[in-house]
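Reviewing the structure listed below.
Everything numeric here is computed off the predicted structure, so don't read it as measured data. The sequence lines fix the lettering, A, B, ..., with proteins before strands; numbering per chain opens at 1. All values below were derived from every heavy atom in this structure, side-chain atoms included, with hydrogens, water molecules and symmetry-related copies excluded.
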Amino acid sequence: MINPKPRVRFAPSPTGYLHVGGLRTALYNYLFAKNKGGEIILRIEDTDRSRYVEGAVENLIETLNWSGIKFDEGPETGGDYGPYFQSERLDFYHKYADELISKGKAYRCFCSPERLQKLREEQQKLKLPQIKYDKHCLNLTEEEVEAKLSAGEKYVVRLNVQPGQIVKIDDVIRGTVEFNTDNIDDQILIKSDGFPTYHLANVVDDHLMKITHVIRGEEWLSSTPKHILLYEFLGWEKPVFAHLPLLLNPDKSKLSKRQGDVAVEDYRKKGYLKEALINFVALLGWNAGDDQEFYQMDELIEKFSLERVNKAGAVFNIEKLNWLNGEHIRHKSVDELLPMLKEELKNSKYAENQYSDDYLKSVIEAMHERITFVRDIIEKSFYFFERPQNYDEKIVKKRWKEDTPGLLEKLMEEFGKLENPSKEDFEKAMRGLAESLGIGVGKLIHPVRLALSGVGQGPGIFDLIHILGKEETIERIKIALSKIKHSQEEN
RNA sequence: GGCGCGUUCGUCUAGCGGUUUAGGACGCCGCCCUCUCAAGGCGGAGAUCACGGGUUCGAAUCCCGUACGCGCUACCA
C-alpha cells in the first residue's frame with residue numbers, strides 16, 4: 001500500500017527568510033525522498049495576505065538552492081501538479097469546501113469577529129475546559145443562509161466536527177497519538193477573504209499533489225486530527241505523518257531571533273559552508289546509530305531514515321557548527337578553496353590588490369588546517385596580504401633578545417646568497433647558520449616569524465618564508481630590525 | 001486553564017530488559033608531536049539516566065503517577 005516511490009513536500013510560507021528549522025525540515029524531507037528514490041516538491045503557502053513579504057519567495061528559493069537541496073517540482077522547476085503557489089490554487093480549495101458543505105461536513109458561518117471574541121471571553125469566564133466555537137451558524141436554515149448570502153454578508157467556512165470521537169494519528173516518529181474530538185474546534189477552512197487556511201489548503205494540495213509522507217515540525221501535531229478528519233470527510237487516503245522535534249534556543253525555548261541567528265542567510269553571510277550547515281542540522285535530531293559525525297550530502301541520503309529521528313527537541317549549539325565548518329574546510333582541496341578565498345578577498349580591504357592563483361594556493365595550503373572559516377585566512381594571516389604594521393608586544397618581549405639583530409643580519413646574509421631558493425634551501429640555510437653559531441635554531445625562527453608576520457603564531461616558518469619569497473623576507477627583516485630597535489631604544 | 005509531545009554528561013547524542021564501572025562527539029583541561037599556532041594522537045574531568053512508585057531474578061530501557069520544559073489552543077502558518 002505504501003508507494004515504493006514516495007513524494008514529499010517542503011511547504012514554507014513566504015514571510016521573510018528561511019529559518020534554520022525550516023532548513024532542517026526541508027533537509028529531512030529531501031533525505032527521506034532521495035533515500036527512497038522518491039520526489040520532493042516545493043510548495044509556497046502564501047495564503048495569508050497580511051503576512052506577505054516582498055521578495056520573500058525569491059529569497060527562500062535562492063537560499064534553498066544554495067543549500068544544495070534540489071527540488072523535483074516547484075515554482076522554479078515546474079511539474080505536473082502545479083501551480084505551486086497556493087494563492088493560485090483558490091479554485092481547488094473552493095471546490096472541496098463546497099463539497100464538504102454539501103456533505104454536511106462543513107458549514108458557512110456568518111458570525112462577526114466581535115461575537116467570536118465575546119464568546120471566547122464568556123467561555124473563559126466560565127472556566128470551560130476548552131474554548132470552542134458554539135456551532136451557532138450550523139443552526140441556520142437553508143433559507144437564512146441564502147438570504148445572508150444574497151445580502152452579501154461576509155462568511156467563513158467551518159469544519160463540522162462531531163464531538164465524542166477519537167481520532168488516531170499513526171506518527172512514524174511518535175507512534176500512535178490519540179485526540180478526542182471534544183477538544184477540536186470547528187476550524188475555519190475558508191477565511192472571509194476567500195483564501196483558505198493552512199488546514200484546508202494543506203490537505204487539498206497534499207492530496208492533489210499525491211504526497212505520500214507529511215514530514216513537518218512538531219508544532220503541527222496538535223492540528224493533525226483536523227487534517228485527518230478532512231481526509232476522511234473527503235474520502236481520501238491519508239499520507240504517512242512524521243512530526244519532527246523542534247530546534248531550541250540554549251534556554252530550551254523554541255529557536256528564536258532574540259537569542260542568535262535563525263536565518264540561514266545569516267549563517268551563509270558569516271562564512272559557514274553549506275556542507276557544514278547541512279551536516280550540523282542533519283545531526284540535530286537524527287543519527288545513524290554509529291559514531292560518524294562528519295557527513296557529506298550523499299552519505300546523509302544513503303543513511304537517513306525517519307525511524308532514527310529523535311522525539312526530543314535539540315538545542316542549536318554553535319560550537320559544534322564551528323567545528324564542523326573547520327572539518328569541512330579541511331576536507332576541501334586547495335583548488336576548491338581558491339575561488340572561495342578570492343570571493344572573501346573581494347570583500348576585504350585587500351580588494352584592490354592583485355595576487356596570483358599560485359600565491360593564493362600556497363597561502364591556502366599553509367593555513368588550511370588552522371582555520372574555521374575561509375575568511376580566517378585573511379584575518380588570521382593578514383601578513384600574506386600586507387606587511388605587518390606593528391609587532392606583538394608580548395612576543396617582542398619574549399623572542400627579541402639583545403643578540404637578535406646581529407643574528408638576523410647574518411641570516412639575511414645567508415639568505416642573500418641563495419639563488420631561486422626552495423623551501424628546503426631556506427631551511428638548510430637557517431639550520432646551517434644556527435649550527436655554525438652553536439645556537440638553537442629557535443633563536444632565529446622566532447624572531448624571523450615576528451619580523452615577517454608581526455605575530456607569534458602561524459604556519460611553519462619555512463612555509464612562511466618560502467611563500468613570501470627571498471626578497472620580501474629580507475625586506476621585512478630589515479624593516480623589523482629598524483622598527484623594533486627603535487621601540488627598544490625608546491623604552 | 002484544556003489538549004498533546006517530551007525529559008541520558010554544559011550541548012548534540014548511543015542505548016531499544018542482563019554484554020554498562022552508561023559509550024561517542026563538540027566544548028573544557030592535561031600530555032605527546034613540534035619553530036609557534038593549529039591539525040592530529042593519547043588521556044582526564046563531566047550523567048545518582050527529571051523524580052516517585054510499580055512489573056521483573058534483573059530497568060536508563062516496560063507500566064503508572066508527579067514535576068518540569070515545550071507545542072497547540074487565531075479569519076498565522
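- In this entry the distance linking NZ of A/K398 with P of B/U36 reads 9 Å, nearest Å.
- Across all strands shown, nothing is found opposite B/A22 as a Watson-Crick or G-U wobble partner with both distances under 3.5 Å.
- Listed by chain and number, the residues in a salt bridge (Lys or Arg N to Asp or Glu O under 4.0 Å) with A/D182 amount to none (sequence neighbours excluded).
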Between side-chain atoms of residues 118-129 of chain A and protein atoms elsewhere (two or more places apart, or another chain), which donor-acceptor pairs fall under 3.5 Å?
{"unit_1": "A/E121", "atom_1": "OE2", "unit_2": "A/Q117", "atom_2": "NE2", "d": "2.9"}
{"unit_1": "A/Q123", "atom_1": "OE1", "unit_2": "A/K132", "atom_2": "N", "d": "3.0"}
{"unit_1": "A/Q123", "atom_1": "NE2", "unit_2": "A/K132", "atom_2": "O", "d": "2.8"}

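- For the P atom pair drawn from B/G46 and B/G2, the interatomic distance equals 42 Å after rounding to whole Å.
- Proximity of A/V167 to A/E178: side-chain heavy atoms (C-beta onward) are nowhere separated by under 4.5 Å.
- Base-pair partner of B/U61: not found among the strands shown (Watson-Crick or G-U wobble, both distances under 3.5 Å).
- Nucleotide B/A14: unpaired (no Watson-Crick or G-U wobble partner with both distances less than 3.5 Å).
- Look at CD on A/E327: it is 12 Å from C1' on B/A38, rounded to the nearest Å.
- Contacts between residues 173-183 of chain A and RNA chain B, defined by a heavy-atom separation below 4.0 Å, involve A/R174, A/V177, A/E178, A/F179, A/N183, listed by number.
- To the nearest angstrom, C1' of B/C35 lies 16 Å from CZ of A/F426.
- Per the geometry, CG belonging to A/N325 stands 14 Å off P belonging to B/A39, to the nearest Å.
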request  = Between protein and nucleotides 23-32 of chain B, map the contacts as a letter string: B base, S sugar-phosphate only, - none, heavy atoms under 4.0 Å, written 5' to 3'.
outcome  = -BBSS-----
Protein-to-nucleotide contact annotation, 5' to 3' order, nucleotides 67-77 of chain B [B base; S sugar-phosphate only; - none; under 4.0 Å, heavy atom] = ---SBS--BBB
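- Following rounding to the nearest Å, A/K125 (NZ) and B/G2 (P) show an atom-to-atom distance of 20 Å.
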Restricting both atoms to N or O, compile the protein contacts to nucleotides 41-49 of chain B shorter than 3.5 Å, with distance only.
none

task = Heavy atoms under 4.0 Å is the rule here; annotate nucleotides 59-65 of chain B 5' to 3' with B where the base is hit, S where only the sugar-phosphate is, and - elsewhere.
result = -------
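- No hydrogens or angles considered: nothing links the side chains of A/T372 and A/N325 as a donor-acceptor pair under 3.5 Å.
- Spacing between atom CD of A/E365 and atom P of B/C37 amounts to 21 Å, rounded to whole angstrom units.
- In this structure, A/R43 is not positioned above the aromatic face of A/F10 in the sense of NZ or CZ being under 6.0 Å from the six-membered ring centre and within 45° of the axis.
- A/N249 places its CG atom 14 Å from the C1' atom of B/U11, with the value rounded to the nearest Å.
- Nucleotide B/G71: paired with B/C3 (Watson-Crick or G-U wobble, both distances less than 3.5 Å).
- Between B/U13 and B/A74, the two P atoms lie 31 Å apart (nearest whole Å).
- Across residues 437-450 of chain A, A/I445, A/H446, A/R449 each have a non-hydrogen atom less than 4.0 Å from an atom of RNA chain B (numbered order).
- The only option from A/V177, A/I228, A/I215 that meets the side chain to side chain contact (heavy atoms under 4.5 Å, CB included) definition with A/F241 turns out to be A/I228.
- Using cut-offs of 30° and 60° for the angle between ring planes, the A/H19 and A/Y17 rings count as parallel.
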Which donor-acceptor pairs under 3.5 Å do the side chains of residues 448-467 of chain A make with protein atoms, sequence neighbours left out?
{"unit_1": "A/R449", "atom_1": "NH1", "unit_2": "A/P459", "atom_2": "O", "d": "3.0"}
{"unit_1": "A/R449", "atom_1": "NH2", "unit_2": "A/P459", "atom_2": "O", "d": "3.1"}
{"unit_1": "A/S453", "atom_1": "OG", "unit_2": "A/R449", "atom_2": "O", "d": "2.8"}
{"unit_1": "A/S453", "atom_1": "OG", "unit_2": "A/V455", "atom_2": "N", "d": "3.2"}
{"unit_1": "A/S453", "atom_1": "OG", "unit_2": "A/V455", "atom_2": "O", "d": "3.1"}
{"unit_1": "A/D463", "atom_1": "OD1", "unit_2": "A/K423", "atom_2": "NZ", "d": "2.9"}
{"unit_1": "A/H466", "atom_1": "ND1", "unit_2": "A/K423", "atom_2": "N", "d": "3.4"}

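- In this structure, A/Y272 and A/F373 have perpendicular ring planes: the angle between them is above 60°, well past the 30° mark.
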Using distance only, find each side-chain donor-acceptor pair of residues 305-321 of chain A under 3.5 Å and give its atom names and separation, not counting sequence neighbours.
{"unit_1": "A/R308", "atom_1": "NE", "unit_2": "A/N287", "atom_2": "O", "d": "2.9"}
{"unit_1": "A/R308", "atom_1": "NH2", "unit_2": "A/N287", "atom_2": "OD1", "d": "3.1"}
{"unit_1": "A/K320", "atom_1": "NZ", "unit_2": "A/E293", "atom_2": "OE1", "d": "3.2"}

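- Evaluation of the salt bridge (Lys or Arg N to Asp or Glu O under 4.0 Å) rule for A/D48 yields A/R51 as partners, not counting sequence neighbours.
- Aromatic ring pairs are classed by plane angle as parallel below 30°, tilted from 30° to 60° and perpendicular above 60°; the pair A/F304 and A/Y28 is tilted.
- Both distances falling under 3.5 Å, in either a Watson-Crick or a G-U wobble arrangement, occur for no nucleotide opposite B/G46.
- Between A/W220 and A/H227, the two ring planes are tilted [angle within 30° to 60°].
- Rounded to an integer number of Å, the gap from A/F316 CZ to B/U13 P is 13 Å.
- With rounding to the nearest 0.5 angstrom, the CG atom of A/L42 is 7.0 Å from the CG atom of A/L60.
- Using modelled atom types and a 3.5 Å distance limit, the side chains of A/H243 and A/R216 yield a donor-acceptor pair.
- Counting only residues at least two apart or on different chains, the salt bridge (charged side-chain N to carboxylate O under 4.0 Å, His left out) pairs with a member in residues 428-439 of chain A are A/E427-A/R431.
- Distance check on atom P: B/C72 versus B/A50 gives 25 Å, rounded to whole Å.
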